[in-house]
Amino acid sequence: MTTQHPVSMRPQLHGLGVYAPGMPIEEVARRYGISRIIKLASNENPRGCSTRATEAVVREMQRASLYPEALGPELRAKIAAREQLSEEQVLIGNGSDELIRLLTRAYIEPGDEVVMADITFPRYPTNVRIEGGTVRTVPLKNGVHNLAAMLECMGSRTKMVFVCNPNNPTGTVVDHHQLLEFIQAVPENIMLVLDEAYIEYVTEEVLESARLLQNHPNLVILRTFSKIYGLAGLRIGYGLMHPDIAGALVRVKDAFNTSRVAQVAAFAALDDQAFVQACRLENAQERERVSRILLDKGWDVYPSQANFVMAKVQEDGMKWFQALLSKGIVIRAGQQLEADPQTLRITIGTPEENDFLLESINSLYQDGTFQLS
Ligand SMILES: *Cc1c(COP(=O)(O)O)cnc(C)c1O
């Protein structure tokens, strides 16, 4: 198809990249005929989800013929109570991905500028560009958001700023004192979106960001049930924000943006904090172990507080991606994340999965050099 379609697409969509997800297990199985496949590509929870969530989903199927409640009021109230906020300060989304889209849809116009790190989560720039906004990136400093430089980058046309903490794909966190100062310094007419998709994995001291909503009406906090809660396949997340912002997002959202099963699964998952705690603990131990072993190999590993690590390697990351894929392990190479091509992002798996990963990496080294068969 070389001719242009007679109906023209919006110009903002030209040159936009399409999100490349981690390769699904089913696709690897088909392509390589391998039965044991370990997916360490999308930062999913290797322990799955709480059995309480599973049971809630099965029960809810009796009501599958009925539309869900549009704002998920029971889940909303539960989150509000946990965060000591009013229900109007909570909005449930079809994953926090949807909330990112709703924020740009409701607030970004052509000419508006949005400040974010280079590199960070690619859904931010994509959604800004779809609305005709301009992306202004500020390089990370040693893999960490450079908040001072981000502040300097803000000008009269700046409408929004994204801070991903811990940052995807580097896994790094910003110092909590510096983050507080930054939140206090961002002008009130600029929306500050703090994406905390991995916050439950952080073992260092964290800023209690929800407490700041009271005095910072421009602050929006995004969380998700896709990561530590293990519900990525059900698509559900939430945002904490000023009621006026929630009101604006409701205007642009689909009527039934989250399903019944997702709502009850998230509700039940919140009740199983023992599961969350166990996942956090195991992840922290394994993150430490995997990081140390990779560092010992001479890989440059960013200090991660998330459930993945990013490492700089000597070779083209795609070679490692291919080599590990042929052994049944799916990771992400920098090129697939629009990051430094000599980097790899690897999700922390179960101890057994990590053992297999580390053995596979070892087997690809011979006499200390990387050998591709
Ligand atoms: C995974 C992720 C999300 C959200 O995922 P959803 O599945 O849409 O909730 C948001 N931000 C970052 C940085 C992520 O890595």
Side-chain angles (χ1 to χ4, degrees), residues 19-22 24 39-46 48-49 53 72 75 79 90-105 114 116-128 137 140 143-145 160-174 179 192-202 206 209 220-241 249 253-254 257-259 261-263 265-266 269-270 279 283 287 302 304-310 331-332 334 336-339 345-348:
Y19 185 76
K39 192 177 171 206
L40 303 176
S42 303
N43 307 338
E44 293 143 332
N45 187 338
C49 67
L75 178 59
I79 293 168
V90 178
L91 190 68
I92 315 291
N94 193 282
S96 49
D97 255 30
E98 186 200 20
L99 295 167
I100 296 165
R101 177 163 54 81
L102 298 181
L103 285 165
T104 54
R105 182 86 258 224
V114 180
M116 63 189 72
D118 181 21
I119 52 175
T120 188
F121 193 46
R123 299 312 297 161
Y124 314 148
T126 301
N127 280 291
V128 169
T137 57
L140 296 171
V144 183
H145 276 71
M160 193 178 275
V161 53
F162 282 96
V163 174
C164 186
N165 194 53
N167 188 39
N168 182 1
T170 51
T172 54
V173 287
V174 287
L179 181 58
L192 168 46
V193 184
L194 185 60
D195 187 344
E196 296 187 336
Y198 301 97
I199 202 72
E200 297 89 353
Y201 284 111
V202 176
V206 292
S209 53
V220 174
I221 299 157
L222 301 181
R223 307 256 178 85
T224 181
F225 289 98
S226 297
K227 304 291 157 59
I228 208 164
Y229 288 98
L231 297 173
L234 294 189
R235 314 302 307 124
I236 190 153
Y238 61 96
L240 308 175
M241 63 200 82
L249 303 195
K253 85 173 187 73
D254 284 346
N257 59 329
T258 62
S259 72
V261 289
Q263 288 176 21
L270 281 174
C279 293
N283 178 74
R287 179 175 69 200
Y302 288 116
S304 172
Q305 282 286 299
N307 65 337
F308 56 89
V309 291
M310 179 168 250
I331 62 158
R332 296 294 270 287
Q336 298 161 315
L337 297 163
E338 295 164 45
R345 193 194 68 189
I346 305 173
T347 303
I348 302 297

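Atoms within a ligand are numbered from 1 in the order they appear, just like the ligands themselves. Any value given below was found using the heavy atoms of this structure, including those in side chains, with hydrogens, waters and symmetry copies removed.
- Within the 4.0 Å heavy-atom criterion, both parts of Ser96, backbone and side chain, lie near ligand 1.
- The atoms of ligand 1 that sit less than 4.0 Å from any heavy atom of Ser226 are 6 (P), 7 (O), 9 (O).
- Using a non-hydrogen distance threshold of 4.0 Å, Arg235 registers as a contact of ligand 1.
- For the residue pair Thr172/Asn167, the side-chain donor-acceptor check at 3.5 Å is not satisfied.
- No side-chain donor-acceptor contact under 3.5 Å links Arg345 to the backbone of Thr170.
- Aromatic ring pairs are classed by plane angle as parallel below 30°, tilted from 30° to 60° and perpendicular above 60°; the pair Tyr201 and Tyr198 is tilted.
- At a heavy-atom distance under 4.0 Å, only side-chain atoms of Lys227, from C-beta outward, approach ligand 1.
- Between the Arg101 side chain and the Asn127 main chain, no donor and acceptor come within less than 3.5 Å of each other.
- Looking only at side-chain heavy atoms (C-beta outward), Phe162 and Val114 come within less than 4.5 Å of each other.
- In this structure, the side chains of Cys164 and Met116 stay at 4.5 Å or more apart for every pair of heavy atoms.
- Distances below 4.0 Å separate heavy atoms of Gly95 from the following atoms of ligand 1: 6 (P), 8 (O), 9 (O).
- By the criterion of a heavy-atom distance under 4.0 Å, both the backbone and the side chain of Asp97 are placed next to ligand 1.
- Using a non-hydrogen distance threshold of 4.0 Å, Ala232 does not register as a contact of ligand 1.
- Looking at Asn165, its side chain does come within 3.5 Å of a backbone N or O of Val174 through a donor-acceptor pair.
- Taking every heavy atom of Cys164 and a limit of under 4.0 angstrom, the matching atoms of ligand 1 come to 13 (C).
- Side-chain N or O atoms of Asn283 include one that pairs as donor or acceptor with a backbone N or O of Ala306 at under 3.5 Å.
- Look at Tyr198 and you'll find a heavy atom under 4.0 Å from some atom of ligand 1.
- In this structure, Asp195 counts as a contact residue of ligand 1, since one of its heavy atoms falls inside 4.0 Å of the ligand.
- If you number the atoms of ligand 1 from 1 as listed, the ones under 4.0 Å from a heavy atom of Asn168 come out as 13 (C), 14 (C), 15 (O).
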